[in-house]
Amino acid sequence: MSEWVDPALGDEAAEAEQGLGPIGDPGHDDAGYQPYGDGPYGAEPYDDGGSYTIVQHNLDGSTDVLVDRDGDGLADVVLHDSDGDGLAEAAYVDGDGDGRLESMLRDFDGDGRVDEVSADTNGDGWIDVVATDTDGDGLIDRVAADTDHDGRTDTWVEDTDFDGRADQTLRDADQDGVPETVTYLHPTVNPYAAR
């Protein structure tokens, strides 16, 4: 996922990718700590609104990249590369700048493409939407949502024939785990559509 670029990062994305090198910051006690750009260890004052990137090379071989886009001292993007190969398996994003990382992007198979996106859409601290690429073709084909924000999934939208278009919606209103309503959105998967 090293090629993944958060659209909100803009030109700062290049700074995040620079941080995956082996160079440490001699001005900091931890040799794996590496800031880029403006910030507390840079030339500019911390509260100037500039952005900076910190790279942490961990003892277990993993690498973490933290990007503060607005210079408020809170990470807006956190990338985690568990095996240190330069491809991040997880990215955590604070898209609205409220100091909470509300979205998570995951690459389960290590191919550099996002396989799952989880998001807290209402800011209550609980994930309420999970979008998944189940067949690895780079297109989301299943979205599970907690539409009433009670902590339980109640709606699913699926692309069952993997053509990039949603085919059906399932709704579990009483949240017993069994959908009561199935709405077919595409005639090729609708068993009741005239052929």
Side-chain angles (χ1 to χ4, degrees), residues 1-9 13 16 60 62-69 74-83 85 87-195:
M1 216 161 43
S2 64
E3 297 302 314
W4 175 80
V5 176
D6 179 8
L9 267 179
D60 65 357
S62 65
T63 301
D64 294 310
V65 179
L66 291 82
V67 180
D68 177 6
R69 296 182 301 221
L74 301 173
D76 300 300
V77 177
V78 177
L79 302 173
H80 179 70
D81 176 7
S82 62
D83 54 9
D85 67 352
L87 296 173
E89 289 82 25
Y92 305 87
V93 181
D94 174 12
D96 57 10
D98 67 352
R100 297 174 70 168
L101 300 170
E102 71 271 345
S103 300
M104 179 174 62
L105 295 85
R106 306 277 311 265
D107 175 14
F108 294 114
D109 54 11
D111 66 353
R113 292 192 299 191
V114 175
D115 298 314
E116 182 179 274
V117 178
S118 304
D120 172 15
T121 60
N122 66 342
D124 66 355
W126 294 90
I127 296 295
D128 45 47
V129 175
V130 177
T132 309
D133 172 14
T134 61
D135 64 348
D137 65 354
L139 299 173
I140 295 297
D141 44 55
R142 187 168 201 260
V143 177
D146 172 14
T147 60
D148 58 5
H149 307 289
D150 68 349
R152 294 180 296 202
T153 303
D154 52 52
T155 304
W156 298 265
V157 178
E158 298 179 342
D159 173 12
T160 58
D161 59 2
F162 307 107
D163 66 352
R165 295 181 296 177
D167 303 316
Q168 65 184 11
T169 300
L170 298 91
R171 178 97 170 117
D172 180 11
D174 61 5
Q175 297 175 335
D176 64 353
V178 180
E180 291 85 35
T181 307
V182 178
T183 305
Y184 296 96
L185 307 173
H186 195 272
T188 60
V189 295
N190 184 350
Y192 307 108
R195 300 200 195 278

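Heavy atoms only: backbone and side chains are in, while hydrogens, waters and symmetry mates are out.
Within the 4.5 Å cutoff, no side-chain heavy atoms of D76 are placed close to those of V67. With contacts defined as side-chain heavy-atom distances shorter than 4.5 Å, the pair D83/E89 qualifies. Side-chain contact between D64 and H80 is present, with at least one heavy-atom pair separated by less than 4.5 Å. Counting heavy atoms from C-beta outward, D133 and V114 have side chains that stay 4.5 Å or more apart. V157 places none of its side-chain heavy atoms less than 4.5 Å from the side chain of R142.
Residues passing the side chain to side chain donor-acceptor pair (under 3.5 Å) test with D163, sequence neighbours excluded: R165. Applying the side-chain contact (heavy atoms from CB on, under 4.5 Å) criterion to D96, with sequence neighbours excluded, gives D94, D98, E102.
When all heavy atoms of D107 and G112 are compared, the closest pair comes out as OD2-N, 2.8 Å.
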Walk me through it: do R106 and D115 pass the test side chain to side chain contact (heavy atoms under 4.5 Å, CB included)?
CA-CA 6 Å; R106 306 277 311 265; D115 298 314; 5.8 Å; no
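Of the possible donor and acceptor atoms, one in the side chain of D154 sits under 3.5 Å from a partner among the backbone N and O of T147. Distance alone, capped at 3.5 Å, places no donor-acceptor pair between the Q168 side chain and the T160 backbone. No donor-acceptor pair closer than 3.5 Å links the side chain of D128 to the backbone N or O of H149. Using a distance-only test at 3.5 Å, with no hydrogens or angles considered, no donor-acceptor pair links the side chain of D141 to the main chain of D159. Side chain of D81 to backbone of T63: no donor-acceptor contact under 3.5 angstrom is found. D167 places a side-chain N or O within 3.5 Å of a backbone atom of D161 that can act as its donor or acceptor partner.
Rounding to the nearest 0.5 Å places OG1 of T134 at 12.0 Å from CZ of F108. Rounding to the nearest 0.5 angstrom, the gap separating the CG atom in L170 from the OH atom in Y184 is 7.5 Å.
Applying the side chain to side chain contact (heavy atoms under 4.5 Å, CB included) test between W156 and each of V130, D172, T169 identifies D172 as the sole match.
Between the side chains of R171 and T183, no donor-acceptor pair is found at a separation under 3.5 Å.
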